[in-house]
Amino acid sequence: MKKMTELIESKLQEAFREAGLDESYGRVGLSNRPDLCEYQCNGCLSAAKVLHRNPLEMAGQVASVLKNSSDFESVEAVAPGFINIKLSKEALSFFVKQMSEEKKYGVEEEQPKTIIVDYGGANVAKPLHIGHLRSAIIGESIKRLGAYMGHNMIGDVHLGDWGLQMGLIIEMMPDHTVSIDELEKIYPAASAKAKEDPDFAERAHQKTLLLQSGDPECLKKWNQIMDVSLRDLKKNYEKLDVHFDLWNGESTVNDLIPGMIQNLIDKGLAYESDGALVVNVAEAEDKKEIPPCIVRKSDGAALYATSDLATLEQREELFKPDLYIYITDKRQAMHFVQVFRTARKASIVPENHSLVHIGFGTMNGKDGKPFKTRSGGVMRLEELISDTNEAVYNRITESRDITEEEARKTAEIVGLAAIKYGDLSNQASKDYIFDLDKFTAFEGNTGPYILYTIVRIKSIINKYRSAGGSAFTSADIRPSNSDSEKKLELELVRYNEVIENAWTELAPHKLCQYIYSVAEAFNSFYHEVKILSEPSDELKKSYLAKIELTMNVLLDCIHILGFEAPDKM
Ligand code: ARG
């Protein structure tokens, strides 16, 4: 389905032609003065510069062509040469009616591509912490957004399950089977010990090399560690409603590493530098220094970049993805520049397969420093979730009479929305402050507010139905009757454009901005217009059809963002 701005634009272009001007000046965008108009065209200002003519006069000529068009309530030329546009109520509601009849409310699927989203990135045997939370949340929503656009999305958790971290744990592992709690204590202890005890550090280092060369003893312990850790990780990701298609990790490609490195050598790309094997990836246009990509340490150990390169080789072999999206902390940006450039140089990834890294900022506490527990330790994900659920639970039980069980269940759903929306509503690359009070509030730009709006609409519709109201459909949609109703429609009709835009820019925060304005527009409409007590049945059904569309649009958006709405709140 065409986008509203495209439709308006085609009318404007026609008018420009009729006024003897080039149609390319007929570009239209949302108004940045919503108090004056709904859409605007600034083309006459650009035309004036080229043609040395008066912009206001040209705008007047274009506007007069559209004077009697049934599509517009008004088209006005205003100084210094803007064209201010308001849609007619009929045209706007007709679009709303059409979009409610479309699959995905007018969003058109793209030519399907195969896309790998590498996100989550948890490290085995270390508790899932806040740093991994952002990757999981952002990655899941990008994966869902891509799927909504019709793509074949493959999510890979790409675990950190290889390398020195595992050598350290193996060296300290007791002989009996360990629980996850025990396991999680081993890594910090081993890593601290390695700093003080050079012998221990050396033994851990040797264990790493042994593991990487397939030593059965080491592999046995490694498998035990994986077993315990994976069970715990799966449980935690499940709680976040985050789901992976592939549970691969650095270890998955261990066997591919020698061949991959040989290929780099054969191509004349990898050379020795201080005993290590490196690939030079600097380019003449670089504004800052890009150090060589180290693919093998002097002792023969593989590194982070090594397994990422081998993983690319494997993904090409298995999936030939058109696009790769990696989601990690932005401090890893250099790593990905090095890996991507090496992969291109070595033709591991062909030119027509794109590589994208989305680097996210830090989640900080109210003090502006990286988020910590109250006692100053690293916050575990489970703790963050339970604190959030508790805060939501308190708010729910404060305002409503509700059974304990229902309150707990609702708090879980709403709590997850609070965390995810709080994260996703910020541009990914920015740091943000995790503010429990703010994120769990039922008012303002929060997840709970969005859910509250959805629940409100659900309950209006349910009330209507249970009072025996007759069925309503999109055919009942009539032109709007009030400013607030028109405002709601103006928000609704942006839907296909917003989704497409959020996808092109891989920017879930644009979706959050959108649903917040939809929710606000709905709530002003709700406060101004009595929906269920409207005496005219015709009008009432028109309202209901519109608010149902509002709810459906919000539901699709929150699903893409990775959370769901409860029945009641
Ligand atoms: N395990 C890594 C970390 O904790 C993240 C992995 C990201 N994915 C990748 N292919 N490098 O930082």
Side-chain angles (χ1 to χ4, degrees), residues 119-137 140 156-197 199-201 203-212 214-244 246-252 254 307 371-390 408 412 415-416 419:
Y119 70 112
N123 295 321
V124 161
K126 296 190 198 171
L128 213 51
H129 63 78
I130 306 300
H132 293 114
L133 175 72
R134 296 212 67 191
S135 179
I137 292 178
E140 181 74 15
D156 183 2
V157 65
H158 200 82
L159 299 171
D161 60 358
W162 213 233
L164 181 62
Q165 153 210 352
M166 302 309 283
L168 283 164
I169 300 168
I170 291 172
E171 181 55 29
M172 199 176 255
M173 268 271 278
D175 284 327
H176 62 89
T177 17
V178 291
S179 68
I180 183 70
D181 291 332
E182 262 178 288
L183 193 55
E184 285 177 354
K185 289 194 189 98
I186 297 179
Y187 176 75
S191 136
K193 183 159 181 185
K195 289 199 182 94
E196 282 155 19
D197 177 348
D199 287 345
F200 176 82
R203 286 201 303 279
H205 176 72
Q206 289 307 323
K207 283 276 158 44
T208 313
L209 291 177
L210 276 173
L211 173 69
Q212 293 188 351
D215 171 73
E217 266 309 299
C218 283
L219 271 177
K220 199 173 138 208
K221 282 198 171 165
W222 181 84
N223 275 315
Q224 267 171 23
I225 299 169
M226 288 298 281
D227 218 42
V228 179
S229 188
L230 269 185
R231 223 175 309 132
D232 185 62
L233 282 172
K234 288 190 172 166
K235 188 187 80 199
N236 275 302
Y237 280 124
E238 197 65 37
K239 256 194 210 152
L240 279 177
D241 207 354
V242 165
H243 312 275
F244 299 98
L246 302 174
W247 281 85
N248 291 341
E250 295 169 355
S251 67
T252 312
N254 186 49
S307 64
F371 199 77
K372 292 269 157 64
T373 56
R374 259 162 273 153
S375 56
V378 176
M379 178 66 114
R380 295 179 51 144
L381 186 64
E382 276 172 303
E383 213 174 319
L384 179 87
I385 294 179
S386 67
D387 283 2
T388 309
N389 291 353
E390 195 61 27
R408 291 280 170 206
E412 240 176 62
L416 189 60
I419 294 176

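Sequence positions, counted from 1, serve as the residue numbers for this chain. Quick note: numbers below take in every heavy atom, side chains included, and nothing from hydrogens, waters or symmetry partners.
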Novice: Decide salt bridge (Lys or Arg N to Asp or Glu O under 4.0 Å) for Arg203 and Asp199; before the verdict, give the C-alpha distance in whole Å, the side-chain angles of both, and the deciding distance to 0.1 Å.
Specialist: CA-CA 6 Å; Arg203 286 201 303 279; Asp199 287 345; 5.4 Å; no

Novice: So if I apply the side-chain contact (heavy atoms from CB on, under 4.5 Å) rule between Leu159 and each of Asn123, Leu230, Asn248, which one comes out positive?
Specialist: Leu230

Novice: Mind checking the CD1-NZ spacing from Ile180 to Lys235? Nearest 0.5 Å is all I need.
Specialist: 8.0 Å

Novice: OG1 of Thr208 to CD of Gln165: how many Å apart, nearest 0.5 Å?
Specialist: 9.5 Å

Novice: Roughly how far apart are Glu140 CD and Tyr237 OH, rounded to 0.5 Å?
Specialist: 10.5 Å

Novice: Is Val124 close to Ile169 at the side-chain level, that is, under 4.5 Å between some pair of heavy atoms?
Specialist: no

Novice: Working to the nearest 0.5 Å, report the span between OG of Ser386 and NZ of Lys239.
Specialist: 8.0 Å

Novice: For Leu209 and His205: C-alpha separation, side-chain torsions, deciding distance, then whether side-chain contact (heavy atoms from CB on, under 4.5 Å) applies.
Specialist: CA-CA 7 Å; Leu209 291 177; His205 176 72; 4.0 Å; yes

Novice: Do Ile186 and Pro174 have side chains that approach each other closer than 4.5 Å (heavy atoms only, starting at C-beta)?
Specialist: yes

Novice: Taking the side chain as C-beta and beyond, is there a heavy-atom pair between Leu381 and Leu240 under 4.5 Å?
Specialist: yes

Novice: Using side-chain heavy atoms (C-beta onward) and a distance below 4.5 Å, is Leu133 in contact with Ile419?
Specialist: yes

Novice: For residues 178-193, which residue pairs qualify under side-chain hydrogen bond (donor to acceptor under 3.5 Å, both in side chains), counting only residues two or more places apart or in two chains?
Specialist: Glu184-Arg380

Novice: Yes or no on side-chain contact (heavy atoms from CB on, under 4.5 Å) for Arg231 and Met226, after CA distance, side-chain angles and deciding distance?
Specialist: CA-CA 8 Å; Arg231 223 175 309 132; Met226 288 298 281; over 6 Å; no

Novice: Heavy-atom distance under 4.5 Å between the side chains of Thr252 and Trp247, does that happen here?
Specialist: no

Novice: Please name the pair of heavy atoms, one in Ala194 and one in Ala201, separated by the smallest distance, quoted to 0.1 Å.
Specialist: O-CB, 3.5 Å

Novice: Rounded to the nearest 0.5 Å, what's the gap from CD on Gln224 to OG on Ser229? Could you check?
Specialist: 13.0 Å

Novice: Main chain of Asp161, side chain of Trp222: is a donor-acceptor contact present, judged purely on distance under 3.5 Å?
Specialist: yes

Novice: Got a sec, which residues hit side chain to side chain contact (heavy atoms under 4.5 Å, CB included) with Ala190, two or more places apart in sequence or on another chain?
Specialist: Leu168, Met172, Phe200

Novice: Given 3.5 Å as the limit, does a donor-acceptor pair link the side chain of Asn223 with the main chain of Leu219, or not?
Specialist: yes

Novice: Drop me the distance from Glu412's CD to Arg408's CZ, to the nearest 0.5 angstrom.
Specialist: 9.5 Å

Novice: Suppose we screen for salt bridge (charged side-chain N to carboxylate O under 4.0 Å, His left out). Which residues come up paired with Glu250, at least two apart in sequence or across chains?
Specialist: none

Novice: Write down the atom of Cys218, the atom of Lys207, and the distance for their closest heavy-atom approach.
Specialist: SG-CD, 3.6 Å

Novice: Is the Phe244 ring parallel, tilted or perpendicular to the Tyr119 ring (thresholds 30°, 60°)?
Specialist: tilted

Novice: Minimum heavy-atom separation for Ile225 to Met173, with atom names?
Specialist: CG1-CE, 3.9 Å

